[in-house]
Amino acid sequence: MAMYFNTNIFLLAFFAITVILSSSNNVVGQDCQGDVQGLMSQCSSYVKKDGPKIKPSPQCCDVIKKADIPCVCKRLTAEIEKAINMDKVVFVAKTCGKPLVPGSKCGAFNVPPAAYIG
């Protein structure tokens, strides 16, 4: 049970970071905790380390499109990054129409150049 909870927290943080990078032109809010919670509940299964890349659900994409990505990325910790696949985060954000900016950072992750995002 504790491992499941930790995995969900990590996945939530991962999506929060993705949202932050995608919204780099938005003003960072004082608190993006609601974005992080929404990302965790709707998107965590799409960014977990194990398994193939899976197209995100419309509900996940709705959360990503509304999230303050820069805020989420600032909250991404090394512990969270260990539990999620950042390449999947890039994939999910792009699939949802809110791609991360190539060359930007989300947590410690460097978003690859556009040629490598796919």
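No hydrogens, no waters, no symmetry mates; every other heavy atom, side chains included, goes into these values. Since the model is a prediction, treat every value here as computed from it, not as a measurement. Numbers for residues simply follow the sequence, beginning at 1.
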Flag the pair [X] / [Y] as yes when at least one side-chain heavy-atom distance between them is below 4.5 Å, and no otherwise.
{"X": "Asn85", "Y": "Val47", "result": "no"}
{"X": "Ile54", "Y": "Phe91", "result": "no"}
{"X": "Val92", "Y": "Ile64", "result": "yes"}
{"X": "Val111", "Y": "Val101", "result": "no"}

**Item:** Over all atoms of both residues, closest heavy-atom pair of Ala67 and Lys98
**Value:**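 Looks like O-NZ, 3.0 Å.
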**Asked** Which atom pair, heavy atoms only, marks the closest approach of Asn110 to Lys105?
**Response**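 What the structure gives for the nearest pair is OD1-CG, 3.1 Å.
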**Item:** Stepwise side chain to side chain contact (heavy atoms under 4.5 Å, CB included) check, Leu39 with Val63
**Value:** CA-CA 6 Å; Leu39 289 168; Val63 172; 3.7 Å; yes
**Request:** Please report the C-alpha distance between Cys60 and Cys96 in whole Å, then the side-chain angles of each, then the deciding distance to 0.1 Å, and finally whether the disulfide (SG to SG under 2.5 Å) criterion is met.
**Result:** CA-CA 8 Å; Cys60 172; Cys96 290; 4.8 Å; no
**Asked** Given the rule in the side chain to side chain contact (heavy atoms under 4.5 Å, CB included) test, do Asp87 and Phe109 qualify, once you have shown the distances and angles that lead to the verdict?
**Response** CA-CA 9 Å; Asp87 290 325; Phe109 180 77; 3.8 Å; yes
**Asked** Taking the side chain from Gln42 and the backbone from Cys61, do they hold a donor-acceptor pair closer than 3.5 Å?
**Response**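 Absent.
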**Message:** What's the separation between atom CE in Met40 and atom CG in Asp35, rounded to the nearest 0.5 Å?
**Reply:**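 The CE atom of Met40 sits 14.5 Å away from the CG atom of Asp35.
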**Prompt:** Hey, what do you get for NZ (Lys55) to OH (Tyr46), rounding to the nearest 0.5 Å?
**Reply:**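 Those atoms lie 10.5 Å apart.
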**Request:** Begin with the C-alpha distance, continue with both residues' side-chain angles, and end with the deciding distance and a verdict on side chain to side chain contact (heavy atoms under 4.5 Å, CB included) for Lys49 and Lys88.
**Result:** CA-CA 8 Å; Lys49 283 234 184 242; Lys88 287 182 182 179; over 6 Å; no
